[in-house]
Amino acid sequence: MENRGNFATKLGIIAAVAGSAVGLGNIWRFPYLLGQNGGAAFFLVYLLCVVLMGIPVMMAEMSLGRMGGRNASGAFKALGRPKWSLLGKMGVLCAFLILGFYYVVAGWTLEYTFQAIKFDFIGQTPGDLADSFAAFSTHNIRPIVTAVAFMIITCLVVSFGVKKGIENSSRMLMPILFIFIIVLAIRSVTLPGAMEGLKFLFKPDFGKITADVVLSAMGQAFFSLSIGMGCLLTYGSYVKKDVNLENTTFQVVTIDSLVAVLAAIAIFPAVFSMGLDPGQGPQLVFVTLPHVFNQMPGGSIFAIIFFLLLVVTTLTSTISLLEVVTAYFGEEFNMKRGKAAVVASLINVPLVVLASLSLGQLGHIQLFHCNIFDFLDKITSQIFMPLGGLLICIFVGWILPGKDLHESLSNKGKIKLRIWSVFYFLVRYVSPVVILLIFLGQFLR
Ligand code: PFF
């Protein structure tokens, strides 16, 4: 592929990496998993996973990308370990599989933006909202149209390249989204009966922690931080040498966790106030938030802006996913960026169609007791990403010379590293062992 490009400013890097991390994972997936997995206990395990695996893997992956200076697969060849490029290829496949179901949910955010613009939520009871979500998401055509529309928008942005496309679109909107979620959270905690929701979120019942809950929390940590599948490796390859990756990691992890927590605070008090089931699954956000909007003065306008912002944060995540595949096709098969993005998107269409139909018409097709949509979600977040993270730790901790890694992270001593020894210890010993133990926990049940 021609000229690779770099992120132009430090703020641009944080915005782009945070843009990848913050998305449906925080606002849609985290709350519904939390609801299904017992609330506060899941939350605690999640935070532990972020510290023990999220931070080390994120830093390791970005430094690996910067050292390799290529796409997820090519980076390993550039570092003289061509066999390891299989790990990068696994990441490319993982990005492809995630996009298969992520575009479907991304399409839902588009649909809800249109509904908000048409003031459709007004006067709907929680029951109506649940029925209308079910009717839409199980429809044979409508959700496929919105998913494909989202795919086209993503493809257009990625075709324009790193600086113009990704950086500009992520930089400004994140702070606005932040403020919106805070306002929503305030409205939610002031609804009658909200206290129950806060208890559910913050008062852990340790008896609820099972091997499944732990696996699910680990998967969510990897998914939410976009780590373990070459996405941040690819972004790392666009980061200049003088950027302090320690700081980038801390900032991104903080922003990502805050958005997830705020989203949960916006949702659960409302769920309990409405007397809904917190464990209702993927529809949770789409049923609860419109109800919260209905309870707010000026809620209909607020809803329009909120869903628009959700579309944009979702877009910065789909961009980063498509970028993994595009950089790979572009560099390894010598395609122009635009063509690589179009080819990557076209071959994704059948999977997106299947994932969407599996929520309705094709619901009877089961893979390991899951429909296609859930299957894609589970194998990527609970297998591919942690496995990728494990192998990244082994590569960075045991194969790459520690001296080279330190030199790159510290830009030959010009950047003062604050947590180098803790980081290196975590990457070599703690993160890989914890990932392995959580995997093993599945067999020992
Ligand atoms: N982190 C994104 C989210 O929370 O929505 C999802 C994601 C983006 C996962 C990019 C993986 C990735 F490479």
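Bear in mind that the values here come from a model prediction, so they are computed numbers and not experimental data. Ligands are counted one by one from 1 in listed order, and the atoms in each one are counted from 1 as well.
Short contacts between ligand 1 and Asn26, defined as distances under 4.0 Å to a heavy atom of the residue, involve ligand atoms 4 (O). Close approach of ligand 1 to Met385 is summarised as follows: ligand atoms under 4.0 Å from at least one heavy atom of the residue are 11 (C). Applying the 4.0 Å criterion to heavy atoms of Met229 picks out, from ligand 1, the atoms 11 (C), 12 (C), 13 (F). Listed by atom number, the atoms of ligand 1 under 4.0 Å from Gly25 heavy atoms are 3 (C), 4 (O), 5 (O).
Aromatic ring orientation, Phe306 versus Phe293: tilted (interplanar angle from 30° to 60°). Ring orientation note: the planes of Phe286 and Phe307 are close to parallel, at an angle under 30° on the 30°/60° scale. Between Phe76 and Phe395, the angle of the ring planes goes over 60°, which puts this pair in the perpendicular group of the 30/60° scheme.
In terms of protein heavy-atom proximity, atom 2 (C) of ligand 1 is nearest to Ser20 O, 3.3 Å. The shortest contact between atom 4 (O) of ligand 1 and any protein heavy atom is with Ala21 O, 2.8 Å.
When ring centroids are compared, Phe180 and Phe302 come within the 6.0 Å threshold.
Lys77 and Ser85 make their closest contact through CE-OG, 4.0 Å (heavy atoms, listed as atom of the first residue, atom of the second, distance).
With Phe223, Tyr102, Phe384 as candidates, the residue nearest to atom 1 (N) of ligand 1 on a non-hydrogen basis is Phe223.
Considering backbone and side-chain N/O of Leu321, none are found under 3.5 Å from N/O of ligand 1. Ligand 1 has no N or O atom lying under 3.5 Å from any N or O atom of Ile98, backbone or side chain. The shortest N/O to N/O separation between Leu225 and ligand 1 does not fall below 3.5 Å. Geometrically, ligand 1 and Ser226 share a nitrogen or oxygen pair separated by less than 3.5 Å. In terms of N/O distances under 3.5 Å, ligand 1 is approached by Leu24.
The ring-ring contact (aromatic ring centres under 6.0 Å, His included) with Phe268 is formed by just one residue from the set Tyr32, Phe200, Phe202, Phe30; it is Phe200.
Side-chain contact check for Thr109 and Thr314: no donor-acceptor pair (N or O, by modelled atom type) lies under 3.5 Å.
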Under 3.5 Å donor-acceptor pairs involving side-chain atoms of residues 36-54, not counting sequence neighbours:
| from | atom 1 | to | atom 2 | distance (Å) |
| --- | --- | --- | --- | --- |
| Asn37 | ND2 | Leu33 | O | 2.9 |
| Asn37 | ND2 | Ser216 | OG | 3.4 |

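By the neighbour-count criterion of 12 heavy atoms within 6.0 Å, atom NZ of Lys339 is sparsely surrounded, having that number or fewer from other residues, nucleotides or ligands.
Heavy-atom separations between Ser320 and ligand 1 include at least one value shorter than 4.0 Å.
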